[in-house]
Amino acid sequence: MQADAYRVWLSEIMLQQTTVAAVKPYYEKFLTLWPGVADLASAEDEAVMVAWAGLGYYSRARNLLKCARAVVGEFGGQFPDTASQLQKLPGIGPYTAAAVAAIAFRDPVAVVDGNVERVVTRLLAIETPLPQAKELVRGALQPLFPTGRPGDLAQAFMDLGATLCSPKRPTCSLCPLHEHCQAYADGQQERFPVKLPKLKKPTRKGAAFVLIRDDQQIWLQKRGPSGLLADMTQVPTTNWSSREDGETSVDASPCKADWQNAGEVRHTFTHFHLELSVYSARLSSGRKTTPASSETLAMGWWSDLDALNDEALPNLMRKVIACAL
DNA sequence: GAATCGTGGAC
DNA sequence: TGTCCAAGATT
């Protein structure tokens with residue numbers, strides 16, 4: 001049973017705000033690279049970021065490593081077996097703690113994710129908007145969970161929400177609970193869960209600079225340790241992730257070169273749209289040193305264009321590089 | 001409690 | 001194209 005906890009935990013972390021289809025190849029890759037929690041705990045930070053690159057929400061990857069090291073360092077390589085203990089570990093919040101405890105350790109705690117919130121707010125026609133309603137959902141569900149196999153009940157509710165009780169056009173006629181569903185009885189199943197209106201996303205602008213040597217080496221650098229895409233790899237850009245920057249001109253280039261306008265990349269993050277103007281320049285292979293002594297170039301390195309899979313490049317940067325080639 | 005934090009697929 | 005949203009956590 002304990003052997004499963006690592007896999008349950010890994011999958012639940014990856015599945016936070018992420019679809020099963022997107023997670024699957026990453027989950028398999030991680031299990032191949034690091035079959036157990038001790039393997040992961042001893043991995044290099046950079047190797048984990050490279051393996052996670054493209055999956056998004058990169059603080060999950062940093063917390064994943066912190067958590068693995070805590071399990072090895074503080075719990076002798078065994079995950080704690082209750083939700084309350086699990087939730088003290090990095091990256092494990094109320095949902096993940098409950099899911100791991102219920103599925104791997106049969107801890108009878110209510111597991112409440114977005115699917116369960118939707119199913120239960122419909123069953124009870126809860127008018128309270130999310131995220132307030134979350135505690136009402138947990139309270140309504142908890143009495144059902146002191147069963148012999150709480151993990152199965154959790155899985156059942158989540159699967160129901162992921163299939164029949166979908167956000168739009170739920171298939172109520174096939175639902176095993178429709179006779180008990182207040183929202184269905186009222187013919188208002190699509191109105192739940194009630195949510196507060198969302199704010200419109202602003203658009204930020206910036207410029208990205210792709211510097212390529214004749215021998216197919218590209219200049220990369222590391223982002224800072226906090227904020228958006230923290231600790232990930234990038235090509236030089238303007239300071240687009242800070243609110244005030246909107247510089248899109250080649251004038252912002254980090255060094256002198258024959259910059260060519262390569263086009264524009266659009267990318268949408270959780271809370272804003274981004275439009276990056278992409279500029280590219282070629283350098284002769286003889287130039288082995290740092291392109292310039294500019295501050296914005298700071299530290300960086302040359303990387304082979306054929307080996308970008310070994311870099312911790314978020315998908316935004318892959319788009320930018322593809323645009324410049 | 002509200003903001004922040006990625007990405008890709010569905011409609 | 002725009003919007004929603006997917007097995008949330010952190011600050």
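FYI, side chains are in, hydrogens and waters are out, and symmetry mates aren't considered; it's all heavy atoms of this structure.
In this entry the distance linking CG of A:Leu316 with P of B:dC5 reads 14 Å, nearest Å. Atom CZ of A:Arg169 is separated from atom C1' of C:dC4 by 16 Å (rounded to the nearest Å). Regarding A:Phe269, its CZ atom lies at a distance of 7 Å from the C1' atom of B:dG6, rounded to whole Å. Rounded to whole Å, the distance from CG on A:Asn63 to P on C:dT11 is 7 Å. Here C:dT11 presents its C1' atom at 13 Å from CZ of A:Arg62, a figure rounded to the nearest Å. A:Met49 places its CE atom 12 Å from the C1' atom of B:dG6, with the value rounded to the nearest Å. A:Tyr58 places its OH atom 18 Å from the P atom of C:dG8, with the value rounded to the nearest Å.
Judged by atom type and distance alone, A:Tyr95 does not reach the base of C:dG8 through any side-chain donor-acceptor pair under 3.5 Å. Side chain A:Thr19 to base B:dG9: no donor-acceptor pair is found below 3.5 Å.
Take the nearest nucleotide of DNA chain C for A:Gln16 and for A:Lys200: the residue whose nucleotide is more 5' is A:Lys200. Along DNA chain B, the nucleotide closest to A:Lys319 and the one closest to A:His271 are compared, and the more 5′ of them pairs with A:His271. Heavy-atom distances to DNA chain B give each of A:Lys168 and A:Leu55 a nearest nucleotide, and the one nearer the 5′ end belongs to A:Leu55. Along DNA chain C, the nucleotide nearest to A:Gln17 and the one nearest to A:Arg266 differ in position, and the one closer to the 5' end is contacted by A:Arg266.
Using a 4.0 Å cut-off between charged nitrogen and carboxylate oxygen, A:Arg7 and A:Glu12 do not count as a salt-bridge pair. For A:Glu117 and A:Arg138, the salt-bridge test fails: no basic side-chain N is under 4.0 Å from an acidic carboxylate O.
Between the A:Gln142 side chain and the A:Ala110 main chain, a donor and an acceptor come within less than 3.5 Å of each other.
In this structure, A:Lys201 reaches neither bases nor backbone, as no heavy-atom distance under 4.0 Å exists between it and the strands shown. Among the protein residues, A:Thr268 comes within range of the nucleic acid bases, having at least one heavy atom under 4.0 Å from a base atom. Across all strands, A:Pro131 comes closer than 4.0 Å to no nucleic acid atom at all (heavy-atom distances). Residue contacts shown for A:Gly161 are absent, as no nucleic acid heavy atom lies under 4.0 Å away.
Nucleotides B:dG8 and C:dA9 have their P atoms positioned 22 Å apart, rounded to a whole Å. For the C1' atoms, the distance linking C:dA6 with B:dG1 amounts to 23 Å, nearest Å. Comparing the P positions of B:dA3 and C:dC4 gives an interatomic distance of 16 Å, to the nearest angstrom.
Taking the six-membered ring wherever Trp is involved, the centroid distance between the rings of A:Phe209 and A:Trp259 falls below 6.0 Å.
Proximity note for A:Asn315 (side chain, C-beta onward) versus C:dA9, B:dG1, B:dT7: the nearest is B:dT7.
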Side chain to side chain donor-acceptor pair (under 3.5 Å) between A:Glu275 and A:Thr203: does it pass, once the steps are laid out? CA-CA 7 Å; A:Glu275 297 175 4; A:Thr203 296; 5.0 Å; no
